[in-house]
Protein chains: 2
Amino acid sequence: MNDIYKPQPISGFPEWLPEHRRIEQQWIDTIRAVFESYGFANIETPCVEELDVLLAKGETDKEIYTLHRLHDDDNDDSGDDEARLGLHFDVTVPFARYTAQHFNDLVFPFKRYQIQKVWRGERPQAGRFREFYQCDIDVIHQGSLPDQFESLMPIIAGKALQAIGIDGFELVISNRKILNGYLTALGIDDNQRTPVIRTLDKLDKIGTDGVTEILIHDVGLDKQMAKDCLNLSTITATTGDELADQVNDLDHHNSDMEDGVADVARVLDACRAAGIDHVMADLSIARGFDYYTGTVYEGRLMDDPDFGSIIAGGRYDNLAGQFINKQLPGVGISIGLSRLFSKWVADGKFDSPDGLPLRNCPTDVLVAWPNKNRTTVTKHTVDTLRDRGIRVEMSHRAGKLSKQLSYAQRKGIPYVWFPPFEDGNPHEVKSMATGDQVEANPNKWTPDN
Amino acid sequence: MNDIYKPQPISGFPEWLPEHRRIEQQWIDTIRAVFESYGFANIETPCVEELDVLLAKGETDKEIYTLHRLHDDDNDDSGDDEARLGLHFDVTVPFARYTAQHFNDLVFPFKRYQIQKVWRGERPQAGRFREFYQCDIDVIHQGSLPDQFESLMPIIAGKALQAIGIDGFELVISNRKILNGYLTALGIDDNQRTPVIRTLDKLDKIGTDGVTEILIHDVGLDKQMAKDCLNLSTITATTGDELADQVNDLDHHNSDMEDGVADVARVLDACRAAGIDHVMADLSIARGFDYYTGTVYEGRLMDDPDFGSIIAGGRYDNLAGQFINKQLPGVGISIGLSRLFSKWVADGKFDSPDGLPLRNCPTDVLVAWPNKNRTTVTKHTVDTLRDRGIRVEMSHRAGKLSKQLSYAQRKGIPYVWFPPFEDGNPHEVKSMATGDQVEANPNKWTPDN
């Protein structure tokens, strides 16, 4: 054998064993069904976009991977193509580009979901990946976007989490109109806005002292302005009235802020009415993307808030329309599937309580192959069961039933079928969970799983 | 508005409108169900692999995309990571790497399917993409691989095609043992083997004259050897006996060739027995990848053979095992989903016969919103239907029923629901296909679609 590279996991690029991938697939199927139950259509966009598209809303703080060909040839005039391509860092920007590009072929309001991998060239750390799944729903409309869609996004995301069995989450809502209005009322310079917003968004990570420090020394605000910023950002409220009272108590106001407060109040009410109970306003939430213009959302795990956001999204009025000079306001939300799923795996939530192997294949029943003289009846049994919609494997070697049972046990296959050893004898099927073995008819039997 | 980049399609990176993506998703769901009905477990590998893995079986003739970070920073010690990463060009090599890496956590024979995008930096042309879906099944076992798996691969692939409604395909089978044995018998140098095999694999594209020309002038064979090569490669047969007769008539022989002929005969018989009717031996099939060692498969459309292969695969004895110095022979097959699907779209096979819009959303029923006074009953109707598992949209604006019907018609939604305009009146539902409108109960009605 050659001295060959021994493969190692690539940091930040998760992959799962079959037993965990099986559950990840069930989560994706379930989330998809919830999205479809609200009439959202699926699309997929290519994994790459032109860099001009990825950077269309100015710089992003997400690290982009660009593509190059291994054997790039200067004489090949297609060689320039790849220098312009990058892997998408979210699916919101690709969706906005898609909507603009296919504008004439779409029906508006265009409601779509996308369940795809995205890539960010960040330094990997716990719960942060370089390649991960996001499950997104968005609506883009022409002209003006009906209010109810801003509430529908966190409701659907919440229903999707509930459907995969996650109830212990809290949604926090804010609105860029409040923050932007306030920064205007404070007289903050335009070129300081983005750094101020990004700094305030770190409040939960670095605290008020850390934020004050950056606002004064890095962004260049005076002490009072930094204090004023924090006076807004530290506001939290459970109801719209409570939020309005606190915002009214601030020293600076304008009508944009009032609009934003009303938007947040509406979303809080609608979420509660729809059975999403743990929802609150938190004006520290800003989100890292420049494209948000109104309501912004984040979702956190209640028993592990430091884990960070598991849901995120918001309203963007100028993302899709910019490409074709139209008004195409949108709103959307994203479930961080890989972040959540990897935590569930790491926390052992899928581990078998009895220590037995997890089911690591879709097989409902393994058909034992007694010996080579019984190959015809064995194959016929397999075909009969499979034609009835049952997922069947035939044992790969004849003989040694103990080996065949061990194979089924290690794969977590719930049933093993025994074709008759002699013509005229009955078929039997054994439940691996209970050990019970009973006569069964391949034309009638159905697995109970 | 800024002067901003107007997005254009990226050549070789297909994306579909929602109505076509919907069908693509149905194809994928159907293929997945067939793969699972044979007990194959799903895995996903990251889109990237270390270049050392991608190139582990020597040079590939597929163009690999490598990844770099847009803002690569020399001071960042993680900067080197990306230079080693490339997008996978198939999922066979990643599967072999996965099997070796997770060897201790897998149950053998390890049967898996993978439905993922792959990337090749080739010049785009009709039916050739740079990003495309492949649907793969493979089995890897320890030690020796039971014979029946070589037949099972084309049978499952054929059943999957039949399940998505494609019957007009032909499978062609060959075996590297025949070709390799023959090249040995001919006395072809080791360093000429790969170029000879790749040249012969082009027989259907460039014909015997083209192949002869390359074998003599580029590869350096003498005229007789080139002729001998073509004598083998032009053999086709519909049965094992017919194949054996023709191979026996050749001037050069060895036992490897006999083994290969027996393997091909066995696969032909098993396919026919399983209802895959159009299957033949064609010794011109070699496949471009160096890793194949035994049976190789290709599938073609019978009414458009020049379209090229829509199925491909084969047996590889040394791909997975090389990573960990074990015997891990495997066999697999891949359906070129994007190639097939894009042809079906281009050929208009999904076009609506009546010229009406194709269904471009999952919505079963649009619930009309008569006016703002009827919001509560409208929302209640929506919730009632959705809780019963029906996919429901609520109209996004109250009033103007003609607009709401037009929206349903343009989205291909099969039913429109009318909540009562006044309390006490009945609900009604309209079939958009027939125009029939009837009374209906939201607690009982079920869509017929």
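Each chain gets a letter, A, B and so on, in the order the sequences are listed, and its residues count up from 1. Nothing here was measured: the structure is a model prediction, and the numbers come from that model.
Only the backbone of A/F108 comes within contact range of chain B, with at least one heavy atom under 4.5 Å from a heavy atom of that chain. For A/V365, no part lies under 4.5 angstrom from a heavy atom of chain B. Heavy atoms closer than 4.5 Å to chain B are found in both the backbone and the side chain of A/E36. Residue contact with chain B, scored on non-hydrogen atoms closer than 4.5 Å, involves the side chain of A/Q116 exclusively. Interface residue A/L87: only side-chain heavy atoms are found under 4.5 Å from chain B. Proximity to chain B (any heavy atom under 4.5 Å) is restricted, for A/F110, to the side chain, taken from C-beta onward. Residue B/L106 touches chain A through its side chain alone, counting heavy-atom pairs closer than 4.5 Å. For A/D383, no part lies under 4.5 angstrom from a heavy atom of chain B. Heavy-atom distances place both the backbone and the side chain of B/P9 under 4.5 Å from chain A.
Of the listed residues B/R386, B/H141, B/R410, the one with more heavy-atom pairs under 4.5 angstrom with chain A than any other is B/R386. Ranked by heavy-atom pairs under 4.5 Å with chain A, the first of B/K379, B/Q148, B/H20, B/R112 is B/Q148. Chosen from A/A274, A/A100, A/S144, A/P357, the residue pairing most often with chain B at heavy-atom distances under 4.5 Å is A/S144. Contacts with chain A were tallied for B/G39, B/P14, B/A41, B/P146; B/G39 has the most, counting heavy-atom pairs under 4.5 Å. Of the listed residues A/V48, A/T45, A/D105, A/L366, the one with more heavy-atom pairs under 4.5 angstrom with chain B than any other is A/V48. Among the candidates B/E49, B/E19, B/K411, B/E24, the residue making the largest number of heavy-atom pairs closer than 4.5 Å to chain A is B/K411.
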**OP:** Report the C-alpha distance between B/F132 and B/W119 in whole Å, list the side-chain angles of each, state the deciding distance to 0.1 Å, and finish with yes or no for ring pair (Phe, Tyr, Trp, His ring centres under 6.0 Å).
**Re:** CA-CA 7 Å; B/F132 54 99; B/W119 291 267; 8.9 Å; no
**OP:** Dump the intermediate steps for side-chain contact (heavy atoms from CB on, under 4.5 Å) on A/H102 and B/L17, then the final yes or no.
**Re:** CA-CA 8 Å; A/H102 301 289; B/L17 289 171; 3.9 Å; yes
**OP:** Could you give me the CA-CA distance, side-chain angles and deciding distance for B/E393 and A/K111, then say whether salt bridge (charged side-chain N to carboxylate O under 4.0 Å, His left out) is met?
**Re:** CA-CA 10 Å; B/E393 276 183 73; A/K111 309 175 187 180; 2.6 Å; yes
Subject >> Intermediate values then yes/no, side-chain contact (heavy atoms from CB on, under 4.5 Å), A/Y98 and A/F103 >> reply: CA-CA 8 Å; A/Y98 178 101; A/F103 178 80; over 6 Å; no
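Residues satisfying the salt bridge (Lys or Arg N to Asp or Glu O under 4.0 Å) test with B/K159, not counting sequence neighbours, are none.
A cation-pi contact, defined as under 6.0 Å to the ring centre and within 45° of the axis, is absent between A/R32 and A/Y113.
In this structure, A/E131 contributes its side chain and B/C47 its backbone to a donor-acceptor pair below 3.5 Å. With hydrogens and angles disregarded, a donor-acceptor distance shorter than 3.5 Å links the side chain of B/D364 to the backbone of B/R391.
Within the 4.5 Å cutoff, the side chain of B/I140 has heavy atoms near those of the B/F95 side chain. Two residues are said to be in side-chain contact when any heavy atoms from C-beta on lie closer than 4.5 Å; B/I23 and B/F341 meet this criterion.
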